[in-house]
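Chain A is the first sequence line, chain B the second, and so forth, proteins listed ahead of strands; every chain is numbered from 1.
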Amino acid sequence: MGVDLADLVKEIKREVQLSELKGKKVSIDAYNAIYQFLTAIRQPDGTPLMDSQGRVTSHLSGIFYRTISLLEEGVIPIYVFDGKPPELKAQELERRRKIKEEAEKKLEKAKEEGETKELKKYSQMATRLTNDMAEESKKLLEAMGIPVVQAPSEGEAEAAYLCSQGYTWAAASQDYDSLLFGANKLIRNLTLTGKRKLPKKDVYVEIKPELIELEDLLKKFGITREQLVDIGILIGTDYDPDGIKGIGPVTALRIIKKYGNIEKAVEKGELPKYILDLNINEIRSIFLNPPVVKPEGSLDLKEPNEEEIKKILIDEHNFSEDRVTNGIERLIKAGKEAKGASRQSGLDQWF
DNA sequence: CATTGATA
DNA sequence: TATCAATGG
């Protein structure tokens, strides 16, 4: 979910060519990416890819092939995994859990009635990202020689930190929260095919990677990051999911620009008093001063462990040997070239 | 979502 | 060689 800044961001976002990212590192919110794979990589009837034991493998397919393709484009992905969520996220997590439960019930019903459309819709809604999936994704990436960072708390916060400290050129996620966490650059729709099907119909639309620069956003609206966070709180974040009733991005922007911050706006009677009970300062702190860690290793590509990749994908999850072997070949070749491109971009010399 | 294979 | 539906696990 995350904060819905679409209406504000649309003013300054721009398309970005994958070629512009050549030789650059990008920190990727792993949960965000994996979840995307789990919902998107499915058969027409909504069934995800599964191994012979019925375990879902859509995420492994997505990670394996997309990572290789990114590397072939010269982009070096750094996957950042979530740690322990902030206490204030409990309500949002509970809300999501309930939605999943409802979706599972509706899915069972759709199964009985054999409604293909409903079946697909609810099986996507019922998608869960388990710990096992995250751990196995991490293992696969490590076997591929791709840098993995374990965040102490929110992965998105860590990915933003890596970007703001220059470890990565940009942070990739579908959520705008990255901007509140301080990522200088956010890339949305970091995909290769550029095709995505619309939720309802079987229509495909062109989806191109887009770049949003924090500085452009703040300049455009004449606000600080602190004020952007206040705007987020009014709209609603994972830590106050409902936001303030009746206040969307435009109103929130107007109010914060006019009064400077939430407290002043409440004081002047522009916002209801109950907002002050929302742990505003704690939410601000989550975005402005989140728990993050310096990456342990070098964030450089390593030699792929061919045997380990094959063990995970072929032996344990029934991937086609031909496809995996071919993928590993591409991976090795692209890895070497990407390293070269990284050296040329000069980004490495900072460290 | 990404790749493959059929089609022209 | 380009396009698109089918397939992947």
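Among residues two or more places apart in sequence or in another chain, the salt bridge (Lys or Arg N to Asp or Glu O under 4.0 Å) test is passed with E321(A) by none. Here S285(A) pairs with N289(A) under the side chain to side chain contact (heavy atoms under 4.5 Å, CB included) rule; sequence neighbours left out. Residues forming a side-chain hydrogen bond (donor to acceptor under 3.5 Å, both in side chains) with R55(A) (at least two apart in sequence, or on another chain): D51(A).
D322(A) comes within 4.0 angstrom of no nucleic acid atom, judged by non-hydrogen atoms across all strands. Residue S58(A) is out of contact with every strand shown, counting any heavy-atom pair closer than 4.0 Å.
Nucleotide dT3(B) holds its C1' atom 16 Å from the CG atom of L60(A), rounded to whole Å. Taking atom CD1 on I207(A) and atom C1' on dA2(B), their separation rounds to 15 Å, with Å as the unit. Note: CG (L38(A)) to P (dA2(B)) measures 14 Å, nearest angstrom. Spacing between atom NZ of K120(A) and atom P of dC1(B) amounts to 10 Å, rounded to whole angstrom units. Remark: P of dT3(B) and CD1 of I63(A) are 14 Å apart, rounded to the nearest angstrom. The CG-C1' distance, from N189(A) to dA2(B), rounds to 16 Å in whole Å.
Residues in residues 161-172 of chain A take part in no salt bridge (charged side-chain N to carboxylate O under 4.0 Å, His left out) pair, two or more places apart or across chains. Residue pairs meeting the salt bridge (charged side-chain N to carboxylate O under 4.0 Å, His left out) criterion with at least one member in residues 259-272 of chain A, sequence neighbours excluded: R254(A)-E270(A), E263(A)-R284(A).
Contact check on E92(A) versus R96(A) returns a salt bridge, with a Lys/Arg side-chain nitrogen under 4.0 Å from an Asp/Glu carboxylate oxygen.
The phosphate of dC1(B) (OP1 or OP2) has no side-chain N or O of R66(A) nearer than 4.0 angstrom. For dC1(B), the OP1/OP2 oxygens have no side-chain nitrogen or oxygen of T193(A) closer than 4.0 Å.
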Protein and nucleotides 6-9 of chain C: nitrogen or oxygen contacts under 3.5 angstrom:
unit_1, atom_1, unit_2, atom_2, d
dG8(C), O4', R323(A), NH1, 3.4
dG8(C), O6, R42(A), O, 3.2
dG9(C), OP1, S320(A), N, 2.9
dG9(C), O3', T57(A), OG1, 2.9
dG9(C), O3', H317(A), O, 2.7
dG9(C), O6, Q43(A), NE2, 3.1
dG9(C), N1, Q43(A), NE2, 3.3
dG9(C), N2, P48(A), O, 2.6
dG9(C), N2, M50(A), N, 3.2
dG9(C), N3, M50(A), N, 2.8
dG9(C), N3, M50(A), O, 3.2

